[in-house]
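Here the structure comes first, spelled out in structure tokens, and everything after it is commentary.
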Amino acid sequence: MAKLTRRQLTQSVLASAAIAPWRALAADPVGQDSTVPSGTQTDSGVTDSEIVLGVSTAFKGPSRGLGIELYRGAVSYFAHVNDQGGVHGRRIVLKLRNDGYQPVPAVENSVKLIVDDKVFALFGYVGTPTVTRVLPVLKKFQDRDFLLFFPFTGAQPQRQPPYDEFAFNLRASYKQETAGLVDNFVSIGRERIAVFYQADAYGRSGWAGVRAALKKYDKKLVGEATYRRGEQYTAVMRAQVERLKKVNPDAVICIGAYAACSAFARDAIDGGLDVPIANLSFVGSENLLKNLTDEFGSESERYSRWLVNSQVVPSYEDLTMSSISEYEDLMSRYDPTPPPEFEEHDYVPFAKSFTSLEGFLNAKLMTEILMRAGPSPSRALLEDAVFSIQNHDLGIGEMVHFSPERRQGLDQVYYTIVENNRFVGLTDWEAKFAT
Amino acid sequence: MKITRLFQRTMFGIFFLFLLIGVSTSVVSIYSVDLHLTSEYEENSRDIAKTIADASVDIILNRDLSSLQSLIDQFVEIQGISYIYIVNDTDEYLAHTFVPGIPEEILESERQVGETVTRNLAGMGDFVEVSSYILAGHVGSVHIGMDVSHVALAIQQAIGNQIYLIAIIFFVGIFASIWFVSFAAKPINSLLDYAVILAKGERQEDSKIPNEQILTRNDEVGHLARLFQYFSTVTDTEKLEKEPEVKETK
């Protein structure tokens, strides 16, 4: 990120002060009708009436549930902000592009968002294989000071040099999630851990996290099996189950998306692999469970009883937290639908989900950053606005702070299991999964 | 198209000559294309292995393995490359592209870096594997597998194109030869017809042969036609002139 000189900074602040600090606009809620900026396009992505954020995510394909839910959560908060008059009088507008969770379209979309759409910043991307390939794009355009905010991935590339300076993360990393899972499994005597993972950068990131966590205990992965990105729930995972059964694991940690992971959970139980099956937050817990309940109905408990999913946001059922009750309120008030240009009518959105809650929190923090960027926001000053966030209460019981050395807002990892077809918090690992 | 018997042997000779050229050219072409493309695929894969090896050093030593996976995922999209795996100096697999997992044959095989290895992987097919050391082997090695059937298909396509061209040249050559021989044989056939007419003593105006045309030719056929006509004329006159002399002599 190009650093500003003191003189440039002063000039910019003076210019900001000259502009009216608040412009009330009759802003429409962010939603399907406001995805295209209506103001005059500028190089800065900011007009008198709008701040445009660029989003490339999976609105279609086997992982669309992640992109759609993340978007819905974000939109519910941005709609609320716009209804309240926006940020310094400007509506927050999302310029949306679908990448289907594929790296090449994600790169192409990012270039278009930067070069053609000239958005203010990139926001709410989904996936490791996509984000990993987009980071060099940000490096290429570093003279334009583009930043990527809160991607839905816990991978390391955007958390460490040389690309950490182009991104800010809110969620805990896969390293933290996998370390937590391994620690808990080892603590209850389940030390023979195998992994089932997506054969790409995301899967490798989780695989590396499990490997590193086991190393602390002087242990190694006992086995591994992979699947190809984009597999549907209809895919047969028996070959993977057989590979893992051969090594007799005490637990399997899955690093994948909901379609493949639910297919694996189904075939694992059918194949007699009766061990805890852990999934990372990226999996999309509700979609995973929906696949199983849709197929097995009342019998789905048989397939979900071994599931343990790590989460990077608290339970959306915990209404004691201010942001959770706000999330529930705004989700029901705005009930955002998937973007019409990408809508596939067979997708049924969830009233609440961990993914949409994460999108909601992303939007809430993004709004705070835009507020702090001042009435005349510029990309060059955006980073300073982020670093001004110190011990900020996001309303989920964990303070958020950023600095040049810390570009990740949250560290907490939560663990959930399925009870009565709902994800609930796991407090006693011993009672649930002890050997 | 009528070919005189005189040229039939010549035609067969030309046909066999073309066949010989076609077959020998095809054999040489198949051999050289096979050799060239196989070595080109191997060389390209070796170059890719070296490129990955060079790019991997920094990633393995300083960065997350997801970056390494992302790197090899980009290369495995190249046509002909079926799998890539990277092992470290202790032979631990750091990244790979296998689904549903690393094949037993590879897990159990001894690492042969720098050599071309032929592998048969159960359920996957036959592969040629090339490799390259990462930082002279101190960090590990990169291994790239090429699908033999894909390479063979590419070679077959290249050879097929060559044979297709040779076959076209062969058939065009044969038809051209037949046409040229027929063209050359046409005046001889006319000459033969003319000789038959002369032998039968038919009048020129009753004949279908354009005598004038053959008699005016300025080549060997024309000379022969005029000679036949001369002999025919001389013989008749001499018969008339010499018959009384014969009687008188008797």
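Protein chains get the first letters and strands the later ones, always in sequence-line order, with residue 1 at the start of each.
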Spatial distance of atom [atom1] ([X]) from atom [atom2] ([Y]) [nearest 0.5 Å]:
| X | Y | atom1 | atom2 | value |
| --- | --- | --- | --- | --- |
| A:L221 | B:E92 | CG | CD | 8.5 Å |
| A:T226 | B:H96 | OG1 | NE2 | 5.5 Å |
| A:Q156 | B:R63 | CD | CZ | 11.5 Å |
| A:R133 | B:S67 | CZ | OG | 12.0 Å |
| B:S66 | A:I255 | OG | CD1 | 12.0 Å |

- [ ] Heavy atoms only: give me the nearest A:R211-B:N88 pair and the separation to one decimal.
- [x]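 A:R211 and B:N88 have their closest heavy atoms at NH2-ND2, 4.3 Å.
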TODO: Name the member of A:W207, A:F196, A:Y197, A:Y202 that forms the most heavy-atom pairs with chain B at distances under 4.5 Å.
DONE: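 Among the listed options, the one with the most contacts to chain B is A:W207.
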Task: Selection from A:R159, A:R228, A:K175, A:E242 maximising heavy-atom pairs under 4.5 Å formed with chain B - done: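 Looking at each option in turn, the highest pair count goes to A:R228.
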Open item on the list: Need one label for B:L68: side chain, backbone, both or neither, based on atoms under 4.5 Å from any heavy atom in chain A.
Closed with: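 Nothing of B:L68, per the 4.5 Å heavy-atom cut-off to chain A.
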- [ ] Among the options B:N62, B:T97, B:I102, pick out the one with the most heavy-atom pairs lying under 4.5 Å from chain A.
- [x]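 Result: the option with the highest number of such pairs is B:I102.
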Check whether more than 12 heavy atoms from other residues, nucleotides or ligands sit under 6.0 Å from atom [atom1] of [X], and answer yes or no.
| X | atom1 | value |
| --- | --- | --- |
| A:D274 | CG | yes |
| A:K216 | NZ | yes |
| B:E220 | CD | no |
| A:R238 | CZ | no |
| B:F171 | CZ | no |
| B:E77 | CD | yes |
| A:F141 | CZ | yes |

Open item on the list: With a 4.5 Å cut-off on side-chain heavy atoms, are A:P129 and B:D73 touching?
Closed with: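 Counting from C-beta outward, B:D73 and A:P129 never come under 4.5 Å.
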Open item on the list: Contact between B:V99 and A:Q240 at the side-chain level, heavy atoms closer than 4.5 Å - yes or no?
Closed with: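 A side-chain contact exists here, since the closest heavy-atom pair is under 4.5 Å.
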TODO: Kindly indicate, with the supporting measurements, whether the criterion side-chain contact (heavy atoms from CB on, under 4.5 Å) is fulfilled by A:R204 and B:D64.
DONE: CA-CA 9 Å; A:R204 186 60 57 194; B:D64 184 66; over 6 Å; no
- [ ] With a 4.5 angstrom heavy-atom cut-off, could you sort out which part of A:P161 is near chain B: side chain, backbone, both or neither?
- [x]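 For A:P161, the backbone is the part near chain B, not the side chain.
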